[in-house]
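Encoded as structure tokens, the structure appears first; notes follow it.
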Amino acid sequence: MTDVAALQRQLRIKTGVVQRLHKETKVYLQETTQLETRLAKLTADHAEEWDIKNAGKMVNESKKMILDAAARLEKAVDDLRSVITSTKNESALPADDETLLKAEEIIKEATSTA
């Protein structure tokens, strides 16, 4: 495999990781919102104590997952940035390479809403 092909492959893999983790973080945020709404409804309806306590545990667990996913996303973005930087410095790929442009676009998307 040539250096160009290897760089493009590495860019595609790391771009896919960032996309997946960005999506995962968004899903956990949505889930937490839904669980908080459910907890508020249970509390307002004076549901059984066990139900309220269980819903609270679910909210806390979901918040922990957000922190974990966000930390993994941050690391993946840093990894992708370093690959982009080294690719640009080596000048193995043209600046208008589709894989490189997509990687930069994904970083902007992931960091704008993170």
Side-chain angles (χ1 to χ4, degrees):
M1 191 176 339
T2 65
D3 286 343
V4 173
L7 285 172
Q8 286 178 326
R9 183 174 187 271
Q10 192 172 24
L11 280 170
R12 280 193 301 273
I13 290 170
K14 294 202 181 283
T15 299
V17 169
V18 170
Q19 280 181 309
R20 180 181 51 81
L21 289 172
H22 177 61
K23 182 178 179 181
E24 186 176 319
T25 303
K26 286 181 3 181
V27 167
Y28 283 127
L29 286 169
Q30 290 172 347
E31 178 182 287
T32 302
T33 303
Q34 291 171 349
L35 290 172
E36 286 173 338
T37 302
R38 181 173 179 260
L39 176 61
K41 185 179 183 314
L42 287 172
T43 305
D45 292 345
H46 302 292
E48 290 189 28
E49 184 178 334
W50 183 88
D51 289 333
I52 293 172
K53 187 176 179 181
N54 192 40
K57 286 180 182 179
M58 291 173 67
V59 168
N60 290 336
E61 186 65 30
S62 188
K63 286 181 180 180
K64 287 178 188 176
M65 293 306 297
I66 290 171
L67 294 175
D68 178 60
R72 290 184 291 138
L73 175 61
E74 185 178 336
K75 183 182 180 318
V77 167
D78 290 343
D79 288 348
L80 182 56
R81 277 191 181 128
S82 68
V83 170
I84 290 172
T85 302
S86 67
T87 300
K88 285 182 176 180
N89 290 341
E90 292 176 9
S91 300
L93 290 176
D96 64 344
D97 182 73
E98 183 179 325
T99 310
L100 187 60
L101 294 175
K102 182 174 182 180
E104 290 173 335
E105 177 185 325
I106 295 302
I107 284 181
K108 287 178 187 173
E109 182 180 316
T111 55
S112 68
T113 58

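Expressed to the nearest 0.5 Å, how far CD of Gln10 lies from CG of Asp79 amounts to 9.5 Å. Arg12 contributes atom CZ, which lies 9.5 Å from atom NZ of Lys102 (distance to the nearest 0.5 angstrom). Distance check: Glu98 CD to Gln8 CD gives 9.0 Å after rounding to the nearest 0.5 Å. The CG atom of Leu67 sits 10.0 Å away from the OG1 atom of Thr25 when rounded to the nearest 0.5 Å. To the nearest 0.5 angstrom, Asn54 atom CG is 10.0 Å from Leu39 atom CG. Atoms CE and CZ, on Met65 and Arg72 in that order, are 6.0 Å from each other to the nearest 0.5 Å.
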Please report the C-alpha distance between Asp97 and Leu7 in whole Å, then the side-chain angles of each, then the deciding distance to 0.1 Å, and finally whether the side-chain contact (heavy atoms from CB on, under 4.5 Å) criterion is met. CA-CA 11 Å; Asp97 182 73; Leu7 285 172; over 6 Å; no
Between Lys23 and Lys26, is a side-chain contact (heavy atoms from CB on, under 4.5 Å) present by the stated rule, with each step listed? CA-CA 5 Å; Lys23 182 178 179 181; Lys26 286 181 3 181; 5.7 Å; no
Pair Lys64-Asp68, salt bridge (charged side-chain N to carboxylate O under 4.0 Å, His left out): steps then yes or no: CA-CA 6 Å; Lys64 287 178 188 176; Asp68 178 60; over 6 Å; no
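The number of heavy-atom neighbours closer than 6.0 Å to CD of Glu74, taken from other residues, nucleotides and ligands shown, is 12 or below.
Taking both residues in full, the closest heavy atoms of Val83 and Thr87 are given as O-OG1, 2.7 Å, listed atom of the first, atom of the second, then distance. Across Leu73 and Val18, no two heavy atoms sit closer than the pair CD1-O, 3.7 Å. In terms of heavy atoms, Ala103 sits closest to Leu11 at CB-CD2, 4.1 Å. Across all their heavy atoms, Met58 and Leu35 have their closest contact at O-CD1, 3.6 Å. Taking every heavy atom of both residues into account, His22 and Ala110 meet most closely at ND1-CA, 3.6 Å. When all heavy atoms of Ser62 and Tyr28 are compared, the closest pair comes out as OG-O, 3.6 Å.
Note: the hydrophobic cluster containing Val59 does not contain Leu29 (ILVMFWY, side chain heavy atoms under 4.5 Å, direct or indirect links).
Residue pairs satisfying the salt bridge (Lys or Arg N to Asp or Glu O under 4.0 Å) criterion with at least one member in residues 52-63, sequence neighbours excluded, are listed as follows: Glu36-Lys63. Counting only residues at least two apart or on different chains, the side chain to side chain donor-acceptor pair (under 3.5 Å) pairs with a member in residues 42-52 are Lys41-Asp45.
Between Arg20 and Glu24 there is a salt bridge, with a side-chain nitrogen of the basic residue lying less than 4.0 Å from a carboxylate oxygen of the acidic one.
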